[in-house]
Participant: 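Okay, handing you the structure first.
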Amino acid sequence: YQRRVHGLLRAATGDVAGHHTTTKLVVLFTLLELAMIILFGLFTEYGPDADGSGNPQALAPAIVSPYPFFQDIHVMIFIGFGFLMTFLRRYGYGAVGFTFLVSAFCIQWHILVGSFFHQAFEHSFHKIGLSVGNLITGDFAAGAVLITFGALLGKVNALQLLCIATVEVILFAVNENIGLRMKITDIGGSMVIHMFGAYFGLACSWVMTRQEAFENPHNNAVYHSDLFAMIGSLYLWMYWPSFNAGPGVGNTQHRAVINTVYSLTGSVLGAFLASTWLRKERKFCMVDVQNATLAGGVAMGTCADLLIGGAGPAVAIGYLAGTISVIGYVVVQPLLSEWLLLHDTCGVNNLHGMPSIFGALCGVVATALADEKDYGASMAVNLSAMAVEGRSAGLQAGMQGCFIAVTLGISIVGGMITGTLFRGPWYTGTGFFGDDDAWETPLEECPYYHDERGEIHRGNENDIEMRIKALELVRAATAGKR
């Protein structure tokens, strides 16, 4: 109650520090957006399947095959991730709104940055061909940044978040292209997306989180906020096969869908059973159900398109990933908070971090057992270094293991540096895990004092005083009923 009154008074009198932050946000990212518009004009062009040279009546394979997968991934990014983070009872606007803002920015930024580093690593510079393919990779970069956002949820403002995204997408592109040069297999991004985003975000959070965030009473859910978060979970669960299979082609794409679906079903069983067994109340916990049920998709990312032995191993990987995720929420996260003072709002280490390491290790095993007789011609797609360069299965497995270390190194060191750059004075909010500092929010206790458009009067001092009196009356009436 007092925090809401203080917020109203601050809105009436003016928040100088907040205005400075808003000025920085608008100026910096208006300039960056203008720069990107110029760069798009200078260095991009329509790809061969989208320019004017083809048959205008024919549907190009470049749109027929990947576009449904792209739309599924798009739904995951903007609806799935956004609503999954609405579990905080006072941060629904920030969860969905900042997901929308940051994802749109990351798609633009990665098409430029990712293509630049890809050409730099290949020592061949040319105009970027625009296609559905680089829209999919833009979504993947946005996914990594949103995982980072999960670790920082409710503790950073829009300016900090966009600055972090700007740096993270650059480091994401570097790590991504190192993996391409090493010719590792990671179709669904267990390492490139989930591991990188999780540990970059955890490193940022370790550096940036202030003491007031720990044991904060607003870092909690209510019944309806958990239901909204469950909407995000179900969208993610249904569309995750497209996320893992999107970059694939032919039978490798088909296999990635099959493996991912079975793995996801396994993680649902593992999450539910582990939740009711490990929670001290011996009841199902919505935190586990919202998150650990998705761990099968994370863990299957590296070996989704590999021959892993059919449904049995896929279900086993998912079941173990779901169990590992619940152990993370019940056991590991409290220990990290107590011993390392590491605050992880969404538990990204439990959903993305540990399951991604488990999935990457499964990929090491799967590549070590890979046999050209089993893969046939598709080995040139799945494991090109083995098919084309004659790399042995053991060496390929070793490269997979090395890339785990590379990803962890770049993400953790990069996250700590980035967090150090944008902590402190960059945050001007007065509280954590609430929308009041960044959004115009209705007063829950006094819902009728709005103008015709539904917006709150914020500049009228008499209106502020009237609402403070109304709040006092409501508070007194509520106390009388109790």
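Every value quoted in this text rests on a predicted model; they were computed, and no experiment measured them.
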Participant: Roughly how far, to the nearest 0.5 Å, is the CG atom of L202 from the CG atom of D344?
Facilitator: 5.0 Å
Participant: Which is it for T99 and S103 under the side chain to side chain donor-acceptor pair (under 3.5 Å) test, yes or no, and what are the steps along the way?
Facilitator: CA-CA 6 Å; T99 294; S103 299; 5.8 Å; no
Participant: Keeping the roles fixed (side chain from K183, backbone from E389), state whether a donor-acceptor pair exists under 3.5 Å.
Facilitator: no
Participant: Looking at SG of C163 and CG of L161, how far apart are the two atoms once the value is rounded to the nearest 0.5 Å?
Facilitator: 9.5 Å
Participant: How far apart are the closest heavy atoms of N382 and D305, and which atoms are they?
Facilitator: ND2-O, 2.5 Å
Participant: Testing the basics here: between S325 and P355, what is the closest heavy-atom pair and its distance to 0.1 Å?
Facilitator: CB-CG, 4.4 Å
Participant: Step by step, work out the side chain to side chain contact (heavy atoms under 4.5 Å, CB included) result for D226 and M230.
Facilitator: CA-CA 6 Å; D226 266 336; M230 197 64 206; over 6 Å; no
Participant: Counting only N and O atoms by type, is there a donor-acceptor contact under 3.5 Å from the side chain of S275 to the main-chain atoms of C285?
Facilitator: yes
Participant: Would you confirm whether N157, through its side chain, and Q160, through its main-chain N or O, come within 3.5 Å as a donor-acceptor pair?
Facilitator: yes
Participant: Could you walk me through whether V102 and L162 pass side chain to side chain contact (heavy atoms under 4.5 Å, CB included), step by step?
Facilitator: CA-CA 6 Å; V102 170; L162 284 171; 4.2 Å; yes
Participant: For a 4.5 angstrom cut-off between non-hydrogen side-chain atoms, does F422 reach V167?
Facilitator: yes
Participant: With a 3.5 Å distance limit and no angle check, can you tell me whether T260 reaches the backbone of A256 through a side-chain donor-acceptor pair?
Facilitator: yes
Participant: Could you walk me through whether F214 and L341 satisfy the side chain to side chain contact (heavy atoms under 4.5 Å, CB included) test, starting with their C-alpha distance in whole Å, then the side-chain angles of each, then the deciding distance to 0.1 Å, before giving a yes or no?
Facilitator: CA-CA 9 Å; F214 291 87; L341 296 179; 4.3 Å; yes
Participant: Is it the case that atom CD in E281 sees more than 12 heavy atoms from other parts of the structure closer than 6.0 Å?
Facilitator: yes
Participant: Counting N and O atoms only, with roles assigned by atom type, does the side chain of N220 sit under 3.5 Å from a partner on the main chain of P217, one being a donor and the other an acceptor?
Facilitator: yes
Participant: Which pair of non-hydrogen atoms, one from G129 and one from N134, has the smallest distance, and what is that distance?
Facilitator: O-ND2, 2.8 Å
Participant: Heavy atoms, side chains only, cut-off 4.5 Å: are H74 and I107 in contact?
Facilitator: yes
Participant: Between F100 and V96, is any pair of side-chain heavy atoms under 4.5 Å apart?
Facilitator: no
Participant: Please evaluate residues V192 and F140 with respect to the criterion side chain to side chain contact (heavy atoms under 4.5 Å, CB included), reporting the C-alpha separation (whole Å), side-chain torsions for both, the decisive distance (0.1 Å), and the verdict.
Facilitator: CA-CA 9 Å; V192 172; F140 286 161; over 6 Å; no
Participant: Ring centroids only, cut at 6.0 angstrom: are Y235 and F81 within range, meaning strictly under it?
Facilitator: no
Participant: With side chains defined as the heavy atoms from C-beta onward, is the minimum distance between S242 and M76 less than 4.5 Å?
Facilitator: no
Participant: With the side chain counted from C-beta on, respond yes when S411 and M195 share a heavy-atom pair under 4.5 Å apart, and no when they do not.
Facilitator: no
Participant: Above 12 or not: heavy atoms from other molecules or residues under 6.0 Å from CZ of F40?
Facilitator: yes
Participant: Report yes if some heavy atom in the side chain of L84 is under 4.5 Å from a heavy atom in the side chain of N291; otherwise report no.
Facilitator: yes
Participant: Between N177 and A173, is there a donor-acceptor pair closer than 3.5 Å when you use the side chain of the first and the backbone of the second?
Facilitator: yes
Participant: I'd like to know if the side chain of E372 and the backbone of M379 have a donor-acceptor N/O pair within less than 3.5 Å.
Facilitator: no
Participant: May I ask you to check whether over 12 heavy atoms, not counting those of Y262, lie within 6.0 Å of atom OH?
Facilitator: no
Participant: I need the Q396 CD to T185 OG1 distance, nearest 0.5 Å.
Facilitator: 7.5 Å
Participant: Is the side chain of D186 donor-acceptor paired with the backbone N or O of M191 at a distance under 3.5 Å, no angle test?
Facilitator: yes
Participant: Could you give the distance from OG1 (T209) to CG (L152), rounded to the nearest 0.5 Å?
Facilitator: 6.5 Å
Participant: Return yes when atom CE of M416 has more than 12 non-hydrogen atoms of other residues, nucleotides or ligands closer than 6.0 Å, and no otherwise.
Facilitator: no
Participant: Would you call the rings of F200 and F196 parallel, tilted or perpendicular, where under 30° means parallel and over 60° means perpendicular?
Facilitator: parallel
Participant: Rounded to the nearest 0.5 Å, what separates atom CD1 in I412 from atom OH in Y199?
Facilitator: 7.5 Å
Participant: Taking all non-hydrogen atoms of both residues into account, name the closest pair between S378 and T252 and its distance.
Facilitator: CB-CG2, 4.3 Å
Participant: With no hydrogens and no angle check, is any side-chain donor or acceptor of D435 less than 3.5 Å from a backbone partner on Y93?
Facilitator: yes
Participant: Within the structure provided, determine whether I164 and M208 are in side-chain contact (heavy-atom separation under 4.5 Å).
Facilitator: yes
Participant: For G188 versus I193, what's the shortest heavy-atom pair and its separation?
Facilitator: O-CD1, 4.3 Å
Participant: Do the ring planes of W439 and F98 sit parallel (below 30°), tilted (30 to 60°) or perpendicular (above 60°)?
Facilitator: tilted
Participant: What do you reckon, are the aromatic ring centroids of H218 and F432 less than 6.0 Å apart?
Facilitator: no
Participant: So does Y46 have more than 12 non-hydrogen atoms from other groups sitting under 6.0 Å from OH?
Facilitator: no
Participant: Could you pull out the closest heavy-atom pair between A299 and S190, with the gap in Å?
Facilitator: O-OG, 3.8 Å
Participant: Looking at F172 versus W109, is the centre-to-centre ring distance below 6.0 Å?
Facilitator: no
Participant: What do you reckon, are the aromatic ring centroids of F105 and F29 less than 6.0 Å apart?
Facilitator: yes
Participant: Any heavy-atom pair between the side chains of Y319 and L273 that's under 4.5 Å?
Facilitator: yes
Participant: Can you tell me how far apart CG (L39) and CG (L112) are? Round to the nearest 0.5 Å.
Facilitator: 5.5 Å
Participant: Please check: side-chain N/O of R255 versus main-chain N/O of A304, any donor-acceptor pairing under 3.5 Å?
Facilitator: no
